[in-house]
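All values derive from a computational prediction rather than experimental measurement. A, B, ... follow the sequence lines: proteins, then strands. Residue 1 opens every chain.
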Amino acid sequence: DPSKGAKFQEKQTGTQVDPNEEYVMVTTAVNMPMYVNHDQATFKRWGEQMGVKTSILGTSEWDVQQQIQIIEQVIGTHPTGLLINGTDPSIARAIDKAVEAGIPTVVYDSDIPQSNRHAFLGTDWYEIGKLQGEALARLLNGKGKIAYMGIVGMTNMENGFRGLLDVLANYPDIEVVGKYNDEANVEKAAKITADLINAHPDLAALAGFDSNSGPGIALSIREAGKTGKIVVTTVDWEPEHLKLVKEGGINLLVGQKRELFVWYGAQFLFDMVHQTNRISGNDKSAGITNVPFAVNTGLFTITSENIANFLP
Amino acid sequence: MAAARLLLSAISKVFPGVKALDAVSFDLLPAEIHALCGENGAGKSTLMNILSGNLQPDEGEIFLHGEKVVLANPLSAQNQGISIVHQEKSLVGNLSIAENIFTENYPVKTGGFIDFPELYSRTQKLLQTLNITSLDPRTKVESLSSTRQQIVEIAKALAKNPKILILDEPTAAMTADETETLFRILRELRQKGTSVIYISHRLTEIFEIADRLTVLRDGKYQGTFPVADMTIKSIIRLMVGRDLEEQTYTSQQQKNILLSIKNLCGHKFHNITFELRAGEILALAGLVGAGRSEVARAIMGIDPAEKGEIWVQGKKVIIRNPPDAIRYGIGYVPENRKEQGIFPEMTLADNIAVTSLSSLARKGFIQNNQVFSPVQKLVEKLQIKTPSIQQKMINLSGGNQQKALLGRWLMLDPSVLIVDEPTQGVDVGAKAEIYQLLRALAAKGTAILLISSELPEVLALSDRVLVLYNGTLTGELSREEATESEILHYASGLARHSP
Amino acid sequence: MNTPGIAKLLQERVFTLSLTLVILVGVCSLIWPDTFLTFSNLSTLLLNISTDSVVVIGMMILLISGTFDLSVGSVYALSGGLAAYLAYNYGMFTPVAILVGLGVAVLIGFINGLLITKVGINPLIQTLATLGIVRGIFDLMGKVATLPEGFDALGTSRLMGIQTPFWVMISLVIIFSILVSRHVFFRRYYYIGGNEKAARLSGIPVNRLKVWGFMLSAFLAGVAGILFVSRMGAVPDTLGKGLELKIITAAILGGASLLGGQGKITGAFLGVIFIHLISNILVFARVSGQWTDIIFGIILVLAISLDIFLKKNAEIRLTESLRNIYQQPKP
Amino acid sequence: MNTPGIAKLLQERVFTLSLTLVILVGVCSLIWPDTFLTFSNLSTLLLNISTDSVVVIGMMILLISGTFDLSVGSVYALSGGLAAYLAYNYGMFTPVAILVGLGVAVLIGFINGLLITKVGINPLIQTLATLGIVRGIFDLMGKVATLPEGFDALGTSRLMGIQTPFWVMISLVIIFSILVSRHVFFRRYYYIGGNEKAARLSGIPVNRLKVWGFMLSAFLAGVAGILFVSRMGAVPDTLGKGLELKIITAAILGGASLLGGQGKITGAFLGVIFIHLISNILVFARVSGQWTDIIFGIILVLAISLDIFLKKNAEIRLTESLRNIYQQPKP
Ligand SMILES: Nc1ncnc2c1ncn2[C@@H]1O[C@H](COP(=O)(O)OP(=O)(O)OP(=O)(O)O)[C@@H](O)[C@H]1O
Ligand SMILES: Nc1ncnc2c1ncn2[C@@H]1O[C@H](COP(=O)(O)OP(=O)(O)OP(=O)(O)O)[C@@H](O)[C@H]1O
Ligand SMILES: [Mg+2]
Ligand SMILES: [Mg+2]
């Protein structure tokens with residue numbers, strides 16, 4: 001029965017926890033280290049601390065259609081709450097189905113504004129691009145040839161690209177030679193970088209937008225003996241990225257505070273279920289969601305100056 | 001009598017729906033050529049497949065030199081000195097002649113590298129013994145004619161220096177010349193002590209080459225006899241269980257011209273001109289490779305002609321592809337059954353119905369029973385031996401497959417039928433039936449263009465004979481004029497002569 | 001005794017696969033008695049397979065004729081994306097936008113077919129190139145996040161509690177399984193796959209039929225893409241990525257062969273169900289993300305081995321029972 | 001006149017592909033005289049094709065024998081990842097770690113081969129399942145960001161200014177193109193691919209050779225994976241994803257056929273070069289973003305059409321010159 005998922009209506013305010021409460025994270029590309037080491041690790045840690053069950057569902061490929069199907073299928077199994085990775089605007093309908101079924105549903109990472117999700121926590125990819133653009137302009141003193149790469153065609157990435165280009169548009173001496181699709185593949189990123197270095201011996205900088213862009217870019221720059229001569233900015237802060245910053249292969253990393261949006265996202269679900277903060281006598285019938293509507297967890301940058309704090 | 005080199009005792013083999021062999025025994029002496037006879041589907045190939053390790057018998061035992069052996073796979077049969085030329089082609093087109101012949105026993109240098117010079121010189125020698133000197137051992141097999149390919153198959157078997165050599169219809173695609181060479185080699189082998197099992201539907205060959213013969217009928221052993229004690233008639237009686245009727249010839253030729261070819265030129269033929277009348281059986285004779293099949297392919301629009309005209313029933317037509325030809329009422333039974341003819345994994349019914357799907361269908365839809373009843377009738381009429389019309393084509397014996405191909409066109413009833421080597425691999429009984437069928441078709445008014453390398457067949461069937469040499473017509477003979485020597489004379493490209 | 005009958009049945013992939021599916025569903029409904037075999041779960045599952053099932057029909061026909069199409073995923077995306085784009089950005093009347101989307105799909109199929117049959121480009125290379133080209137065009141096109149109402153209805157309206165895509169799928173599967181098994185036009189694809197040369201000599205217009213096959217496959221991919229887009233009310237960026245391999249796998253599971261000449265539409269449909277059912281079960285079993293692929297792969301191999309085992313056994317039993325029949329003394 | 005000689009040559013994929021490549025390089029070095037035909041561009045191009053070229057050798061052998069392996073990308077990842085993992089986390093002596101990595105690859109190939117030949121699972125399904133399973137295992141394994149020194153050297157040391165992976169590739173390509181064209185063991189794969197039934201009847205141990213083929217293919221994928229990891233100095237998570245399709249495409253470009261019996265190692269190598277060269281040129285031509293895929297696809301189709309055109313022309317000329325020879329009066 002659908003009301004089972006809507007326990008939060010009957011539950012008394014307080015922290016009395018039922019160990020059978022199950023919180024489910026539905027994502028995609030489930031094996032991506034960034035997701036495993038930050039999102040999934042945090043989610044599990046949260047579950048253990050709260051004494052509730054956590055499950056993680058998703059395919060290993062980046063497959064939005066499959067994510068939609070998993071959301072639709074998991075609704076029928078009546079989880080206590082759903083924590084959904086906002087991979088693509090088109091998952092909105094599936095989210096709405098979950099909300100309709102009375103399941104507290106929180107979106108993390110990227111927002112799905114068209115949906116009726118209860119809450120969103122995450123960052124704005126446009127900002128990620130802007131931060132990289134500003135750093136590049138600074139490091140290049142406003143002039144030089146730049147190329148950038150990521151997963152071409154993906155909404156997140158395209159937003160990031162836009163942020164980058166909007167900043168660079170202010171610097172007439174910066175020439176953007178192209179946008180490249182590395183398909184989140186190191187070999188591809190390395191190949192593109194090598195070709196770029198040969199086609200443009202005066203290439204000044206590269207910007208990367210997926211986890212694998214940075215390592216691939218750094219590899220080819222190193223092999224061309226141009227480490228330090230070409231400026232590299234990119235995203236994520238896996239051990240590999242940190243090592244490269246330390247060695248000088250990468251100048252700047254833009255990081256998301258993934259731990260924060262997952263932890264608090266899960267906590268939001270919990271708080272909805274347990275009515276931790278009640279606004280009215282009956283929030284449900286008053287049409288009130290008693291957690292924040294949207295939270296921007298913010299970004300941070302890693303450079304050679306603060307790298308020491310991130311290394312073990 | 002010497003002790004048997006090989007003894008098969010009470011071998012049985014069942015396939016789904018068919019008892020292919022029923023307690024068959026067989027013995028082979030050293031240095032003899034032993035013919036194996038039987039109708040299509042009698043179980044000859046099955047028996048040889050068991051002997052060459054390709055199939056396992058359900059019952060029965062095999063003794064070599066008096067010792068019981070188990071031939072678990074082709075390799076173990078080879079190791080026992082048994083080597084076979086299968087009825088089905090077993091060559092790889094993309095490899096050279098030399099590599100096809102020596103696949104299992106390449107001459108190698110240290111480290112397993114192929115000694116190509118040695119490979120080619122061995123091949124050259126082997127081909128020489130087979131009277132073929134014009135072929136480069138490096139030639140890819142796919143560029144050879146089917147006759148030449150057959151010779152390569154035989155060379156492949158000989159290359160292993162077998163003690164027992166099995167030839168399953170080696171001459172089906174051969175003409176007199178090659179057959180003669182083959183027989184010479186077989187005699188030499190016999191001299192050297194090799195035993196040969198020889199399967200052929202050309203019974204005259206058996207009298208020419210074999211010492212003894214064994215007959216199978218419906219998978220059952222009918223006896224073994226010295227050839228000297230037998231006649232063609234007596235063999236047929238054993239094979240078929242009755243005597244065959246003598247066939248008589250009457251021309252059914254009518255006046256009206258159904259097909260007229262004018263100055264047709266193609267890749268391998270030039271200025272071909274002839275007319276084909278209703279009810280006529282016109283033979284296109286010639287040596288293998290003369291380009292007869294090419295002419296047929298051009299008429300069918302498979303490889304459209306470069307120049308020339310085709311007239312059907314008095315109208316000039318352009319034929320770009322086989323559907324065009326079929327629309328104009330022309331049908332074609334191709335020469336290479338396995339490659340161009342059958343759909344091996346489909347049922348017999350499907351194989352027969354293929355040309356007449358649209359006419360069998362009602363509003364485009366086809367019910368099985370719509371197909372089954374006419375097919376069933378045809379299968380009975382053609383006496384195709386099969387447990388069911390839903391049997392897979394590949395499981396039919398070669399001769400029965402050939403009958404099914406003819407049946408495919410009988411269903412459609414075209415006004416012109418081109419048959420290219422229509423009795424390849426067909427047994428005497430069935431051959432007679434096919435002749436009867438072709439004559440009956442002619443009697444109905446169908447015009448038949450017969451391409452055949454078997455001169456007796458040409459002489460038995462045709463009202464008129466055209467002879468092709470190297471792509472050009474060199475002679476036209478009426479039924480009365482046509483004799484084997486006359487046809488051969490034109491076919492070898494000699495100038496016209498007055499008899 | 002009826003052994004030969006059952007044994008013969010067991011040789012049919014469609015039958016063994018159904019058997020395997022029934023066993024799977026049976027076991028699962030014992031494990032999750034409250035949630036698995038419910039209307040809700042089954043209807044969701046059927047809704048989820050609807051797009052794949054539509055695409056697999058065309059692929060099966062191509063596979064029967066001995067070829068395949070790697071560009072279905074891109075065509076699926078472009079058709080759906082384009083129709084939505086036209087309806088949204090240019091306010092084009094929904095049916096027209098859909099027709100344009102489908103027309104483009106058919107055109108792509110036509111180009112594929114033409115280059116493969118007339119120029120003679122290898123189908124793998126050709127359809128792979130098309131995959132890239134069409135995906136590139138899709139990526140260039142602006143994405144749509146809201147659809148006009150009429151468009152929406154196509155994917156979201158319900159009949160007897162189940163959404164339209166399911167009904168479209170079920171109709172197409174039934175129609176095409178009848179057509180492919182009974183209609184002359186489609187029967188010819190079996191001949192082409194069985195022996196292309198012989199088919200040509202028997203008067204079957206092989207090239208023309210192949211071109212039609214590619215057009216049909218692209219058309220059905222387009223239909224599926226439009227259905228999915230209208231169901232989601234938005235166009236995902238990665239729409240249809242990787243679809244080709246999933247579809248070909250389903251078809252081969254369902255009895256097709258890369259060599260051609262084999263397979264049935266119902267088999268392909270069961271293949272799709274099989275793949276989706278396993279992932280559905282993995283959701284129920286809460287197999288955690290990282291284990292999904294491993295467990296899926298193992299189940300796949302086990303299921304196919306079971307299938308082969310059933311078949312082989314059937315063959316042996318069939319031969320044996322026939323042998324017994326023969327060995328009975330005849331009257 | 002030498003027309004038949006040239007015409008015959010033009011029928012060889014290896015020759016036409018080389019010709020196409022030479023034309024491409026020639027044109028490009030005219031357009032970008034300063035940057036294109038430089039040591040730096042060529043040597044990095046060759047370095048970047050090294051892993052693909054090693055993998056394609058095994059795939060080509062499988063394709064010649066009439067089958068293929070979709071799991072190479074995962075095996076590539078697992079081999080490289082495992083060797084690095086063992087060397088880093090357990091301080092295993094580098095050569096031993098590498099041997100273990102390769103051993104696991106060979107084992108996977110063995111299992112693939114066994115299930116395909118003995119149980120009779122369709123190679124597409126089996127190797128797709130393996131792809132998933134092996135990828136899953138790779139993903140479960142911890143990733144390594146730093147390699148021990150010796151391990152590093154394998155991929156980064158240089159000889160005559162070019163890094164080791166290039167030399168490994170070039171040696172393997174030469175060795176295997178000699179082996180495949182001259183060695184008894186490998187020549188038999190052509191026979192199997194050309195006519196499997198006949199190969200069996202000729203006593204060629206078809207199954208055993210196929211199993212060896214899968215083992216070899218997995219082994220070479222492992223070698224390539226280890227080379228890349230040591231070159232990179234780390235194990236990226238998407239290592240080898242999508243590799244299988246790229247490799248099969250390269251092999252088919254290089255003259256292989258999914259039906260088997262055709263192809264040469266040099267052809268496969270040229271196929272890999274071709275694919276990488278085109279993307280190299282696209283970067284020089286400043287084709288970027290979504291256009292890359294589109295232009296790449298179009299060039300692919302054009303190049304293959306050119307190749308087919310050259311071949312057909314050659315056939316016609318061949319036939320004509322033969323006819324002339326025949327029509328000369330014989331002495
Ligand atoms: N693999 C098989 N499966 C089922 N039936 C088979 C199989 N092989 C042969 N048969 C059947 O066994 C019988 C004997 O076939 P076989 O090929 O031995 O005949 P044959 O004497 O060689 O005939 P032909 O002269 O036409 O070559 C035939 O009825 C055939 O249909
Ligand atoms: N690999 C091949 N591809 C296409 N056609 C082939 C191939 N091999 C043989 N052929 C054709 O098949 C025909 C059979 O060869 P053959 O030498 O018997 O010529 P033919 O003129 O048809 O002979 P026949 O006079 O016996 O009909 C040849 O004409 C040849 O062109
Ligand atoms: Mg036979
Ligand atoms: Mg001929």
Would you please test A:Asn181 and D:Thr292 for side chain to side chain contact (heavy atoms under 4.5 Å, CB included) and show each step?
CA-CA 8 Å; A:Asn181 190 357; D:Thr292 317; 6.0 Å; no

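- Rounded to the nearest 0.5 angstrom, D:Ser279 OG and A:Tyr180 OH are separated by 11.0 Å.
- More than 12 heavy-atom neighbours from other residues, nucleotides or ligands sit within 6.0 angstrom of NZ on A:Lys257.
- Only the side chain of D:Leu47 comes within contact range of chain A, with heavy atoms under 4.5 Å apart.
- Most heavy-atom pairs under 4.5 Å with chain A, from the set D:Val283, D:Asn48, D:Ile49, D:Thr35: that is D:Val283.
- Neither the backbone nor the side chain of D:Ile281 has a heavy atom closer than 4.5 Å to any heavy atom of chain A.
- With rounding to the nearest 0.5 Å, the separation of OG1 in D:Thr156 from CZ in A:Arg222 is 8.0 Å.
- Of all the heavy atoms in A:Glu240 and D:Val235, the pair that sits closest is OE1-O, 3.9 Å.
- Contacts of A:Glu247 with chain D are absent, with no heavy-atom separation under 4.5 Å from either backbone or side chain.
- Looking at A:Leu196, both its backbone and its side chain come within 4.5 Å of chain D, counting heavy atoms on both sides.
- Using a 4.5 Å cut-off between heavy atoms, A:Pro201 touches chain D through its side chain atoms alone.
- Of all heavy-atom pairs spanning D:Thr238 and A:Ala184, the tightest one is OG1-O, 2.8 Å.
- Using a 4.5 Å heavy-atom cutoff, the side chains of A:Asn198 and D:Phe284 are in contact.
- Counting only heavy atoms from C-beta outward, the side chains of D:Leu45 and A:Lys191 approach each other to under 4.5 Å.
- The most heavy-atom pairs under 4.5 Å with chain D, out of A:Met32, A:Met34, A:His200, come from A:His200.
- Distance alone, capped at 3.5 Å, is enough to place a donor-acceptor pair between the A:Asn185 side chain and the D:Lys241 backbone.
- Proximity of A:Val186 to D:Leu239: side-chain heavy atoms (C-beta onward) are nowhere separated by under 4.5 Å.
- Residue D:Arg135 does not touch chain A at all, counting heavy-atom pairs closer than 4.5 Å.
- The NZ atom of D:Lys246 sits 6.5 Å away from the CD atom of A:Glu187 when rounded to the nearest 0.5 Å.
- Donor-acceptor pairing under 3.5 Å is lacking for the side chains of D:Thr146 and A:Lys243.
- For the set A:Ser220, A:Ala224, A:Ala199, A:Pro239, the count of heavy-atom pairs under 4.5 angstrom toward chain D peaks at A:Ala199.
- More than 12 heavy atoms of other residues, nucleotides or ligands lie within 6.0 Å of CZ in D:Phe39, so this atom counts as buried by the packing criterion.
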Chi angles and distances behind the side chain to side chain contact (heavy atoms under 4.5 Å, CB included) call for A:Lys179, D:Trp291:
CA-CA 10 Å; A:Lys179 156 180 168 182; D:Trp291 287 99; over 6 Å; no

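- Around atom NZ of A:Lys143, no more than 12 heavy atoms belonging to other residues, nucleotides or ligands sit under 6.0 Å away.
- By the 4.0 Å N-to-carboxylate-O rule, A:Glu175 lies close enough to D:Arg286 to be salt-bridged with it.
- Residue contact with chain A, scored on non-hydrogen atoms closer than 4.5 Å, involves the side chain of D:Phe228 exclusively.
- If you take CD on A:Glu223 and OG on D:Ser43, they are separated by 10.0 Å, rounding to the nearest 0.5 Å.
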